[in-house]
Amino acid sequence: MPELPEVETIRRALAHNLSGLRVVAVRGRSISMRRPLEVETLGEILPGRRFLEPRRHGKYLLLDTDPPGALLVHLGMSGRLMLVGPEVAVLPHTHITLVLENGYELRFVDPRRFGHMTWLDPGAESGDPSLAGLGREPLDDAIDTWLPPMLKRRRGPIKTLLLDQRVVAGIGNIYAAEALWRAGIRPTRPGRHISLERLALLAREVRRVLIEAIEQGGTTIRDFATPDGDFGYFAVRLRVYGRQGQPCPECATVLRAKVIGGRTTAFCAHCQR
DNA sequence: CCAGTATCCTGCAGGC
DNA sequence: TGCCTGCAGGATACTG
């Protein structure tokens, strides 16, 4: 579900409403996830710690604490965080609840269990398997200088390269499709067969679409919501994602879809070459 | 080494 | 109405 703009939207909400609060208790049940969720371990570590300003790298959230350490959160496809009062009904698939000193609860809900929540001791970040090797941030305004050479060097369809978190961190299926449409590039085209000029344009479109999506609070397709329950409004601005069979907003050619890198990708065969 | 596929899991939409 | 299939915003292990 959540790509960079959604995770950033969550981060901002938490910066506002979670920073400064202390954990008083941890509730939940350990469950097998992509990385094991050790509720007992978190129950020993977290109580007494205060949340600082959260950080984000790609689709990962880093909830720094004092005393030092960080809760690493990835939301996978269906994960969400809720920051709510105890009177709010507990959703199915709520795997862990952090009770805060003000009575509010930070809940990690993830039906499909592709996400995870892991504790990182100080210094463990650089050696963490999820974080090590993560690419640079696409919001960087110099992206059009460093991304094109990387795309040029790798093999495979440009769409697959954009989704590779080691190349650039945070792009998922929605924004890859949108950026490629904006840049007029066919998702199947091998990255190394695209000129540096067009790749620079693509890099700028990647950055632009992510920034616009953040401004709209992310994209709610089905169930994305901030910890406070707000939805994202970028869905109305999607031009190709999920719109196969409908006319291209630019030229009215019927949009097609093709599976690339195991993911359905919509594109306009006329505008994207 | 590379690219492509299978897999983890639940929920939901669509077809019959 | 109900059953079945396929697909979903991600990441990674495996196959050939």
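Since we're looking at a predicted model, the values are computed, not measured. A note on names: the letters A, B, ... follow the listed sequences, proteins ahead of strands, and every chain is numbered from 1. Atoms considered below: every heavy atom in the structure, side chains included; atoms not considered: hydrogens, waters and symmetry mates.
Within the 4.0 Å cut-off from OP1 or OP2 of dA11(C), at least one side-chain nitrogen or oxygen of H74(A) is found. K59(A) has no side-chain polar atom (N or O) that falls below the 4.0 Å cut-off from OP1 or OP2 of dG9(C). R263(A) has no side-chain polar atom (N or O) that falls below the 4.0 Å cut-off from OP1 or OP2 of dA11(C).
By the 30° and 60° cut-offs, the orientation of the rings of Y175(A) relative to F234(A) is tilted.
For the pair P129(A) and Q244(A), both in contact range of DNA chain C, the more 5′-proximal nearest nucleotide belongs to Q244(A).
The side-chain hydrogen bond (donor to acceptor under 3.5 Å, both in side chains) test with T265(A) singles out one residue from K159(A), K258(A), Q244(A), R256(A), and that residue is K159(A).
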- Message: One pair to check against salt bridge (Lys or Arg N to Asp or Glu O under 4.0 Å): E212(A) and R208(A). What are the steps and the verdict?
- Response: CA-CA 6 Å; E212(A) 286 177 29; R208(A) 274 189 49 217; 3.3 Å; yes
- Task: Starting from the C-alpha separation in whole Å, work towards a yes-or-no answer on side chain to side chain contact (heavy atoms under 4.5 Å, CB included) for L255(A) and F267(A).
- Result: CA-CA 6 Å; L255(A) 297 171; F267(A) 64 98; over 6 Å; no
- Report the C-alpha separation of K59(A) and L75(A) in whole Å, then their side-chain angles, then the decisive distance to 0.1 Å, and conclude whether the side chain to side chain contact (heavy atoms under 4.5 Å, CB included) test is met. CA-CA 8 Å; K59(A) 301 172 192 174; L75(A) 298 171; over 6 Å; no
- Test side chain to side chain contact (heavy atoms under 4.5 Å, CB included) applied to L72(A) and L63(A), step by step: CA-CA 6 Å; L72(A) 176 67; L63(A) 307 184; over 6 Å; no
- Could you walk me through whether L42(A) and I96(A) pass side chain to side chain contact (heavy atoms under 4.5 Å, CB included), step by step? CA-CA 10 Å; L42(A) 294 177; I96(A) 184 162; 3.4 Å; yes
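Remark: the separation of the P atoms in dG9(C) and dG14(B) is 16 Å, to the nearest Å. When the C1' atom is compared between dA6(B) and dG6(C), the two are found 15 Å apart, to the nearest whole Å. Taking atom P on both nucleotides, dT5(B) is separated from dC7(C) by 14 Å, rounded to a whole Å.
We find the NE2-CZ distance between H57(A) and R136(A) to be 10.0 Å, quoted to the nearest 0.5 Å. Rounded to the nearest 0.5 angstrom, L83(A) CG and T226(A) OG1 are separated by 9.0 Å.
Rounded to whole Å, atom C1' of dA11(C) lies 13 Å from atom CG of D110(A). Here the P atom of nucleotide dG9(C) and the CZ atom of F114(A) are 11 Å apart, to the nearest Å. The distance from atom CD1 of I31(A) to atom C1' of dC8(B) is 13 Å, rounded to the nearest whole Å.
Taking hydrophobic clusters as Ile, Leu, Val, Met, Phe, Trp and Tyr residues chained together by side-chain heavy-atom distances below 4.5 Å, L46(A) does not share a cluster with L62(A). By the criterion of side-chain heavy atoms lying less than 4.5 angstrom apart, applied directly or through intervening Ile, Leu, Val, Met, Phe, Trp or Tyr residues, I211(A) is grouped together with V168(A) in one hydrophobic cluster. Both W146(A) and I194(A) are assigned to one and the same hydrophobic cluster, defined by single-linkage of ILVMFWY side chains at heavy-atom distances under 4.5 Å. Each of M117(A) and L120(A) belongs to its own hydrophobic cluster when Ile, Leu, Val, Met, Phe, Trp and Tyr are linked at side-chain heavy-atom distances under 4.5 angstrom.
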Restricting to nitrogen or oxygen on both sides, can you table the protein-nucleotides 13-16 of chain C pairs closer than 3.5 Å?
none

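The neighbour count for Y60(A) OH, taken as heavy atoms of other residues, nucleotides or ligands under 6.0 Å away, is above 12. Crowding of R55(A) atom CZ: a count of heavy atoms from other residues, nucleotides or ligands under 6.0 Å exceeding 12.
By the side-chain hydrogen bond (donor to acceptor under 3.5 Å, both in side chains) test, D141(A) pairs with no residue at all, sequence neighbours left out.
Near DNA chain B, meaning a heavy atom under 4.0 Å from it, residues 175-188 of chain A has no residue at all. Within residues 149-172 of chain A, the residues that have a heavy atom under 4.0 Å from DNA chain C are, in order of number, Q165(A), G172(A).
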- Nucleotide by nucleotide, 5' to 3', does protein get under 4.0 Å of the base (B), only the sugar-phosphate (S), or neither (-) in nucleotides 10-16 of chain B, counting heavy atoms? BSS----
- Fill in the dot-bracket string of DNA chain C, one character per base: . for unpaired, | for a pair to another strand, ( ) or [ ] for pairs within the strand, taking Watson-Crick or G-U pairs under 3.5 Å. .|||||||.|||||||
